[in-house]
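Read through the structure below, which is laid out as structure tokens, and then see the notes.
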Amino acid sequence: MNYFNNKGQSFIEGIIIATIITIFMFCAIQVCVMVVDDMFANYSAFYATRKVVVSKTKDITNVAKNTVSKFFIAYIAKSAIIIHYKTTHWDDTILGNNIVDHSNKQIKKHNVKIAYGMNIIFPKLFGRFLPYREQSARARMIKSPDEEFYNKAYPDAREFFKYAK
């Protein structure tokens, strides 16, 4: 004898499971978007630092900012996830010491930091009531004293391929 009314139990269970799976799916999509944006920002910081290190101009802070701007403007046009960014560049001594190379030039490290904010898919659900996530990417490099090898990897190598502008 059936004492309980089980009509609709499978439907309710299906809705609960579908809701849980949908939430996990959107969480996974959000994590993937964040990872791709972070990889892009880290590559942009690396590229800007590389360009600062090999730059021959004296105004290297603008070189860093312009390089990152060119990357981010193109990326924001495609993505619309990153909503703002700020680039900072500074050069400093290494661990507070004045270290010189073989030609008695002071070696400085160059830092490029990109602070950016990215949209969150469901800010009320994932972002603790914040509409975006703040993140930063940073790259550090030391300028090589051997300027003759800026465009090639080793003494007998050909110069790196240059793209037409």
Side-chain angles (χ1 to χ4, degrees), residues 25-123 125-165:
M25 181 184 69
F26 279 114
C27 286
I29 289 171
Q30 179 67 56
V31 168
C32 290
V33 167
M34 289 173 12
V35 166
V36 168
D37 287 345
D38 290 345
M39 287 181 355
F40 173 78
N42 281 311
Y43 179 73
S44 299
F46 166 78
Y47 189 78
T49 307
R50 171 78 174 128
K51 199 160 183 180
V52 163
V53 166
V54 299
S55 176
K56 294 185 193 283
T57 66
K58 299 288 183 195
D59 192 14
I60 54 179
T61 299
N62 280 338
V63 169
K65 289 181 179 182
N66 291 339
T67 303
V68 171
S69 291
K70 287 178 185 175
F71 268 80
F72 267 78
I73 286 172
Y75 190 70
I76 288 172
K78 291 181 186 176
S79 158
I81 297 295
I82 295 178
I83 52 177
H84 64 83
Y85 66 94
K86 179 183 176 191
T87 307
T88 54
H89 165 262
W90 62 94
D91 54 343
D92 198 3
T93 58
I94 301 169
L95 299 175
N97 297 324
N98 290 328
I99 300 173
V100 295
D101 62 9
H102 59 82
S103 61
N104 287 328
K105 290 183 186 174
Q106 185 177 7
I107 298 177
K108 291 185 175 184
K109 69 178 177 191
H110 292 274
N111 286 331
V112 172
K113 180 180 177 185
I114 305 169
Y116 59 97
M118 65 174 56
N119 281 329
I120 297 177
I121 294 175
F122 296 111
L125 191 60
F126 299 128
R128 298 184 194 145
F129 304 101
L130 292 175
Y132 59 90
R133 172 180 170 254
E134 289 288 334
Q135 185 65 22
S136 64
R138 179 178 302 180
R140 297 180 176 119
M141 284 188 193
I142 296 173
K143 186 172 186 168
S144 171
D146 297 324
E147 291 189 25
E148 64 181 287
F149 298 118
Y150 282 175
N151 294 321
K152 54 187 178 178
Y154 51 91
D156 295 329
R158 292 181 295 166
E159 287 197 1
F160 294 135
F161 180 75
K162 293 187 172 105
Y163 292 101
K165 291 185 180 184

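Sequence positions, counted from 1, serve as the residue numbers for this chain.
- In plain terms, the two heavy atoms of A137 and Y116 that are nearest each other are N-CE2, 4.2 Å.
- Remark: T67 OG1 to R50 CZ distance equals 12.0 Å, nearest 0.5 Å.
- The shortest heavy-atom contact between M141 and V53 is CB-CG2, 3.7 Å.
- In this structure F71 satisfies the ring pair (Phe, Tyr, Trp, His ring centres under 6.0 Å) test together with Y43, Y47, sequence neighbours excluded.
- One distance of note links CZ of R138 with CG of N42; it measures 11.0 Å at 0.5 Å rounding.
- The side-chain contact (heavy atoms from CB on, under 4.5 Å) search around M34 returns Q30, M118, R133, not counting sequence neighbours.
- The heavy-atom pair separating A48 from V112 by the smallest distance is CB-CG1, 4.0 Å.
- Remark: F46 pairs with no residue by the ring pair (Phe, Tyr, Trp, His ring centres under 6.0 Å) rule, at least two apart or across chains.
- Listed by chain and residue number, Y85 satisfy the side-chain hydrogen bond (donor to acceptor under 3.5 Å, both in side chains) test with S69 (two or more places apart in sequence, or in another chain).
- Scanning all heavy atoms of the two residues, the minimum distance from V52 to A64 falls at CG2-CB, 3.6 Å.
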